[in-house]
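Here is the naming used below: chain letters follow the sequence lines, and residue numbers restart at 1 for every chain. The figures here come from the full heavy-atom set of this structure, side chains too, leaving out hydrogens, waters and symmetry mates.
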Number of protein chains: 2
Amino acid sequence: MYTIGQVSEMFGLPISTLRYYDKEGLFPNMERQSGIRRFSETEIEALRVIECLKASGLEIRDIRQFMVWVTEGPSTYDKRKALFEARREAVETEIEKLQKMLDMVKFKCWYYETAIKDGNEDALNKMLPDSLPPEIQKLYDNAHK
Amino acid sequence: MYTIGQVSEMFGLPISTLRYYDKEGLFPNMERQSGIRRFSETEIEALRVIECLKASGLEIRDIRQFMVWVTEGPSTYDKRKALFEARREAVETEIEKLQKMLDMVKFKCWYYETAIKDGNEDALNKMLPDSLPPEIQKLYDNAHK
DNA sequence: GCTTGACCTAAAGTCAGGTTTAGGTATTAC
DNA sequence: GTAATACCTAAACCTGACTTTAGGTCAAGC
């Protein structure tokens, strides 16, 4: 069992955020001892799931819905599974998007490195859009398709 | 040259968002024809960069700073290069984080699939935290380390 | 017994990133 | 000539996710 201060330390989250999550119903069955929150393993695992669902783009209200399903027992297994399958899709899509953005960023790193060497963008502009060095051309094409 | 409506179509962005970006200074040298915005190749490429920098987690005000640097010419090449190198770091870190979250999500997909098969979580609870099937154990460990 | 530190609540405040509203212009279609 | 469309501005509004504020409880140390 942990206090809110200990959990705040463990997760690197402000105490105010943990209280906000609680107020929003993200820890539906958290115990209290004379008014003071006691975080058990259940809440710790819930918090790991919250961080994961948040990173996947889910809103607080939908995370609450999931937590409510958990309290409802086996009858909601299918809903919970469907939620995680949708999150899987969303995260995979997001990673693909970021990979594409990363190619743009890498291209721009090379671009400015070259511009600094040359002192201007003249040579670069002559290479664009399809006479770049092969490795760079790949990045450029992926970022601009 | 494109109108705001055409650009809105091309990028799938609301017209109001493009006007908002303009008001925030993200197209510092955009031309106008009797008050009407004309988006040239410069603004189209700017928009690609905006989407990229936004996806990388940069705020509008910092994107504006970059656009200002572009108008200032070769003297800001080093700043622009440094910005993209920082973005590269940020995106790589974000992708790693999402990979970890994806492992959690995949674990949960398997978890509920199994719970549905079994009708309860009893067998699952006996396997936790370190007697899971090998492939699943990897996901679980990565998500919980 | 009083101060310090860790906890509590309700309610107001903040911030980024847009979106909506209200009112207006200019061109094209009938 | 008038109606529909596509554009314009300034300013108000909205939303989600927190954070801050103001005021209070309670146990431990001195």
Checking contacts here: which listed nucleotide (dA17(D), dC7(C), dC8(D)) is nearest the side-chain heavy atoms of Ile36(B)? dC8(D)
Find the distance Arg64(A):CZ to dC18(D):P and express it as a whole number of Å. 14 Å
Taking a hydrophobic cluster as the set of Ile, Leu, Val, Met, Phe, Trp and Tyr residues connected by side-chain heavy atoms closer than 4.5 Å, whether directly or through intermediates, do Val49(B) and Met10(B) fall within one such cluster? yes
Give a yes/no on whether any side-chain N or O of Arg37(B) is located under 4.0 angstrom from OP1 or OP2 of dC8(D). yes
Provide, to the nearest angstrom, the distance between the CD atom belonging to Glu31(B) and the P atom belonging to dC7(D). 17 Å
Between Leu53(A) (CG) and dA17(D) (C1'), how many Å, whole number? 16 Å
Would you call the rings of Tyr140(B) and His144(B) parallel, tilted or perpendicular, taking 30° and 60° as the class edges? parallel
Transitively linked via ILVMFWY side-chain contacts under 4.5 Å: Ile95(A) with Phe84(A)? no
Going by number, which of residues 3-28 of chain B have a non-hydrogen atom under 4.0 Å from DNA chain C? Pro14(B), Ser16(B), Thr17(B), Tyr20(B), Tyr21(B)
Once ring-ring contact (aromatic ring centres under 6.0 Å, His included) is applied, do any residues pair with Tyr77(B), and if so which ones, sequence neighbours excluded? none
Does any pair with a residue in residues 7-31 of chain A pass salt bridge (Lys or Arg N to Asp or Glu O under 4.0 Å), and if so which ones, sequence neighbours excluded? Asp22(A)-Arg32(A), Asp22(A)-Arg37(A), Glu24(A)-Arg64(A)
Atom CD of Gln33(A) to atom C1' of dC26(D): distance rounded to whole Å? 13 Å
Take Leu58(B) and Ser34(B), find for each the nucleotide of DNA chain C with the closest heavy atom, and name the residue whose nucleotide sits nearer the 5' end. Leu58(B)
Here the distance between atom C1' of dC14(D) and atom CD of Glu59(A), to the nearest Å, is 13 Å
Under 4.0 angstrom, heavy atoms only, what part of the nucleic acid is Arg38(A) near: base, sugar-phosphate, or nothing? nothing
Gap between atoms CG and C1', on Asp62(B) and dG17(C) respectively (whole Å): 14 Å
Rounded to the nearest angstrom, tell me the gap between atom CD1 in Ile63(B) and atom C1' in dG18(C). 13 Å
Just so I know, are the side chains of Val70(B) and Thr76(B) near enough to count as touching, which here means a heavy-atom distance under 4.5 Å? no
Is the shortest distance from a Lys or Arg side-chain nitrogen in Glu89(A) or Lys106(B) to a carboxylate oxygen in the other one below 4.0 Å? no
